[in-house]
Amino acid sequence: MSDLVDLLREGLPEAAVVTDPEVTAAYRQDMAGFCSSGNPAVLVFPDTVDQVRHVMRTATALRVPVVPQGARTGLSGAANAVDGCILLSLVRMNRILEIDPVNRIAVVEPGVVNAALSQAVGVHGLTYPPDPSSWESCTIGGNIGTASGGLCCVKYGTTSEYVLGLDVVLADGELLRTGRRTAKGVAGYDLTRLLVGSEGSLGVVVGATLALRPSPPPQLALAAEFPSTAAACVAVCAVMEAGFTPSLMELMDTVSVRAVNSLAQMGLPDSTAALLLIAFDTLDPVADLAAAGEICTAYGATEVVPAADSAESELLLQARRLSLTAMDTLGTTMVDDVAVPRSELAAMIDGVAAIAERFDLTIGVVAHAGDGNTHPVVVFDASDPEETARARESFDAIMALGLELGGTITGEHGVGLLKREWLAREIGPVGVALQRRIKAAFDPLGLLNPGKVF
């Protein structure tokens with residue numbers, strides 16, 4: 001321990017090396033439930049690439065595991081400490097190094113907060129579309145680590161589609177540059193895509209070149225109430241089949257609707273079995289909303305409320321933004337993240353309701369309906385061991401259901417600790433073996449985020 005700290009301090013400011021157990025304990029884990037965390041040996045806060053390289057050289061020399069961290073807003077345990085590790089927090093590497101409006105790119109350090117980047121590029125009439133729900137606090141490095149998504153994925157896609165290139169410190173301290181600054185480029189294997197979503201298990205991201213887009217017009221939204229989730233999901237498919245590309249399409253089931261009503265008194269009828277929110281940021285959002293509203297009505301919506309302006313849109317979307325907070329008021333929550341083909345969305349949500357009944361639990365579902373990404377929220381009493389065990393079993397049942405419907409165990413939160421065994425079920429033994437060989441090629445000593453993903 002003393003040798004490790006002494007060596008780290010040779011290349012880091014003294015204040016950047018923290019051993020106080022009360023401080024290190026506060027950084028032991030992210031926001032995932034049911035995930036263990038170990039006792040770190042030391043917590044470091046580098047603020048330059050050279051300092052990160054020094055940390056990794058030290059770790060390699062002493063064979064000490066390293067767990068990279070961002071803002072720790074993740075929900076899979078990927079940032080959780082392992083015993084005796086170096087916790088490598090990148091939050092102080094938070095500079096926006098370049099914004100290029102001509103080439104529509106930004107070059108940033110990993111600790112830049114998503115919202116800060118959005119604000120900075122907005123001055124130039126540009127936008128960085130990926131918008132996780134924690135966008136006001138999560139970092140770009142963390143977003144890259146989990147290939148995170150958000151509310152706008154139905155139109156704009158996920159983080160992986162906006163990362164053009166990366167600067168990555170490898171396990172031995174070498175600096176790797178991947179990708180490009182150009183709009184096109186196919187030279188060699190696409191290591192950038194491989195690293196995005198690797199959860200710090202292949203290298204430490206210390207810089208990113210990101211694609212930007214022109215800022216869209218303000219979006220307008222509508223809210224449609226349905227008597228069943230099945231009817232709402234049919235409407236989702238009908239809107240997409242009609243050729244529309246909404247900027248947002250979110251669905252809340254009756255459990256989440258009632259939780260939000262209880263928290264915020266939003267006046268939604270108790271008879272609302274599903275609330276569908278659709279938004280457009282097109283040149284004529286009023287016409288698009290009207291057409292989408294007609295489709296909703298045709299497929300059983302009992303009420304369709306279009307917004308007249310951006311302020312009204314935000315009021316309508318407030319219910320969705322409050323959903324997880326509202327579910328937290330019901331007890332301890334565990335948020336799942338299962339994506340299915342859009343055509344299987346109704347089967348997924350109805351299946352979750354059946355799982356809730358089977359395990360005698362409250363489980364609400366909010367979904368990025370436009371891309372089939374569901375977030376079942378399991379509510380339980382953490383002080384009751386039997387109920388906690390049922391919650392864990394229901395969580396697994398939800399993932400099994402997603403795979404049965406042709407989906408994936410995670411659409412945007414990552415594997416981390418939480419879903420390691422389920423990854424093997426999804427990709428099969430050949431896939432696992434190949435991915436482990438890739439891990440070994442990048443990290444032959446197995447020092448980077450050990451125990452995560454596999």
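Side-chain polar atoms of Asp381 and Thr332 form no donor-acceptor pair below 3.5 angstrom. For the residue pair Asp337/Thr410, the side-chain donor-acceptor check at 3.5 Å is satisfied. Under the 3.5 Å distance criterion, with hydrogens and angles disregarded, no donor-acceptor pair is assigned to the side chains of Ser201 and Asn449. Asp131 and Asn114 are not linked by any side-chain donor-acceptor pair at a separation below 3.5 angstrom, with hydrogens and angles left out of the test. Side chains of Asp396 and Trp422: a donor-acceptor N/O pair is present below 3.5 angstrom, by distance only. At a cut-off of 3.5 Å, with distance as the only test, no side-chain donor of Thr229 or Asp253 sits close to an acceptor on the other residue. A side-chain donor from one of Thr192 and Thr178 sits under 3.5 Å from a side-chain acceptor of the other.
A heavy-atom distance below 4.5 Å is found between the side chains of Arg181 and Asp100. Residues Leu117 and Ile96 are in side-chain contact: their nearest non-hydrogen atoms beyond the backbone lie under 4.5 Å apart. Side chains of Ile398 and Val338 form a contact here, defined as non-hydrogen atoms less than 4.5 Å apart. Residues Leu289 and Phe280 have side chains in contact (heavy-atom distance under 4.5 Å, counting atoms from C-beta outward). Side-chain contact between Leu448 and Val204: present, with at least one pair of heavy atoms (C-beta onward) separated by less than 4.5 Å. Counting only heavy atoms from C-beta outward, the side chains of Leu275 and Leu251 never approach each other to under 4.5 Å. Between Leu212 and Thr127 there is no side-chain heavy-atom pair separated by less than 4.5 Å. Annotation: side chain of Val49 is in contact with side chain of Met93 (closest heavy-atom distance under 4.5 Å).
In this structure, Lys452 contributes its side chain and Leu417 its backbone to no donor-acceptor pair below 3.5 Å. Distance alone, capped at 3.5 Å, is enough to place a donor-acceptor pair between the Arg28 side chain and the Ser37 backbone. Formation of a donor-acceptor pair under 3.5 Å by the Ser313 side chain with backbone atoms of Asp309 is found in this model. The backbone N or O of Val415 lies less than 3.5 Å from a partner atom in the side chain of Glu199, making a donor-acceptor pair. Of the possible donor and acceptor atoms, one in the side chain of Thr139 sits under 3.5 Å from a partner among the backbone N and O of Gly142. Side chain of Asp336 to backbone of Pro376: no donor-acceptor contact under 3.5 angstrom is found. With Glu412 contributing its side chain and Gly150 its backbone, the two residues share a donor-acceptor pair below 3.5 Å. No donor-acceptor pair under 3.5 Å is formed between the side chain of His368 and the backbone N or O of Leu151. A donor-acceptor distance shorter than 3.5 angstrom exists from the side chain of Asn80 to the backbone of Ser36, with no hydrogens or angles considered. The backbone N or O of Asp281 lies less than 3.5 Å from no partner atom in the side chain of Gln219, so there is not a single donor-acceptor pair.
The minimum heavy-atom distance between Gly414 and Ser76, with the atom names listed, is O-CB, 3.6 Å. The shortest heavy-atom contact between Val168 and Leu195 is CG2-CD1, 3.8 Å. The two residues Ala273 and Pro227 make their nearest non-hydrogen contact at CB-O, 3.1 Å. In terms of heavy atoms, Glu426 sits closest to Ile409 at OE1-N, 2.9 Å. Residues Gly70 and Val91 come closest through the heavy atom pair O-CG1, 3.4 Å. Across Val154 and Pro246, no two heavy atoms sit closer than the pair CG1-O, 3.3 Å.
Taking the centre and axis of the six-membered ring of Tyr27, the NZ or CZ atom of Arg72 falls inside the cone set by 45° and 6.0 Å. A cation-pi arrangement, defined by a distance under 6.0 Å to the six-membered ring centre and an angle within 45 degrees of its axis, is absent between Arg390 and Phe359.
For the atom pair OH (Tyr128) and OG (Ser215), the distance works out to 14.5 Å, reported to the nearest 0.5 Å. Rounding to the nearest 0.5 Å places CE of Met399 at 5.5 Å from NZ of Lys419. Note that the CE atom of Met31 and the OG1 atom of Thr73 stand 7.0 Å from one another [nearest 0.5 Å]. Atom OG1 of Thr272 sits about 10.0 Å away from atom CE of Met252, to the nearest 0.5 Å. In this structure, CG on Leu166 lies 8.5 Å from CG on Leu176, to the nearest 0.5 angstrom. In this structure, CG on Leu75 lies 9.5 Å from OG1 on Thr146, to the nearest 0.5 angstrom.
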- Hey, mind stepping through Glu241 and Arg342 against salt bridge (charged side-chain N to carboxylate O under 4.0 Å, His left out) and telling me if it holds? CA-CA 11 Å; Glu241 187 176 11; Arg342 194 182 297 120; over 6 Å; no

- Chi angles and distances behind the side chain to side chain contact (heavy atoms under 4.5 Å, CB included) call for Leu276, Phe226: CA-CA 8 Å; Leu276 179 61; Phe226 286 86; 3.9 Å; yes

- Message: Please evaluate residues Ile355 and Ile363 with respect to the criterion side chain to side chain contact (heavy atoms under 4.5 Å, CB included), reporting the C-alpha separation (whole Å), side-chain torsions for both, the decisive distance (0.1 Å), and the verdict.
- Response: CA-CA 8 Å; Ile355 289 169; Ile363 305 179; 4.3 Å; yes

- Applying side chain to side chain contact (heavy atoms under 4.5 Å, CB included), run through Met334 and Phe34 and close with a yes or a no. CA-CA 8 Å; Met334 187 177 189; Phe34 291 104; 2.7 Å; yes

- Task: Output, in order, the C-alpha distance, side-chain angles, deciding distance and verdict of side chain to side chain contact (heavy atoms under 4.5 Å, CB included) for Leu317 and Leu248.
- Result: CA-CA 10 Å; Leu317 297 177; Leu248 173 149; 3.8 Å; yes

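Counting non-hydrogen atoms of neighbouring residues, nucleotides and ligands closer than 6.0 angstrom, the CD atom of Glu357 reaches no more than 12 such neighbours. Remark: Tyr299 OH is loosely packed, at most 12 non-hydrogen atoms of other residues, nucleotides or ligands lying under 6.0 Å away. Counting non-hydrogen atoms of other residues, nucleotides and ligands closer than 6.0 Å to CZ of Arg177 gives a total of 12 or fewer. Within 6.0 Å of atom CD in Gln119, 12 or fewer heavy atoms from other residues, nucleotides or ligands are found, so the atom counts as exposed in its surroundings. Counted within 6.0 Å of CE on Met266, heavy atoms from surrounding residues, nucleotides or ligands total more than 12; the atom is thus considered enclosed.
Phe395 and Phe380 have their aromatic ring centers separated by at least 6.0 angstrom.
Checked for salt-bridge contact, Asp47 and Arg95 miss the test: no charged N lies under 4.0 Å from a carboxylate O. With respect to the salt-bridge test (charged N to carboxylate O, under 4.0 angstrom), the residues Glu161 and Arg193 do not qualify. Comment: Arg321 engages Glu314 in a salt bridge, judged by a side-chain N to carboxylate O separation of less than 4.0 angstrom.
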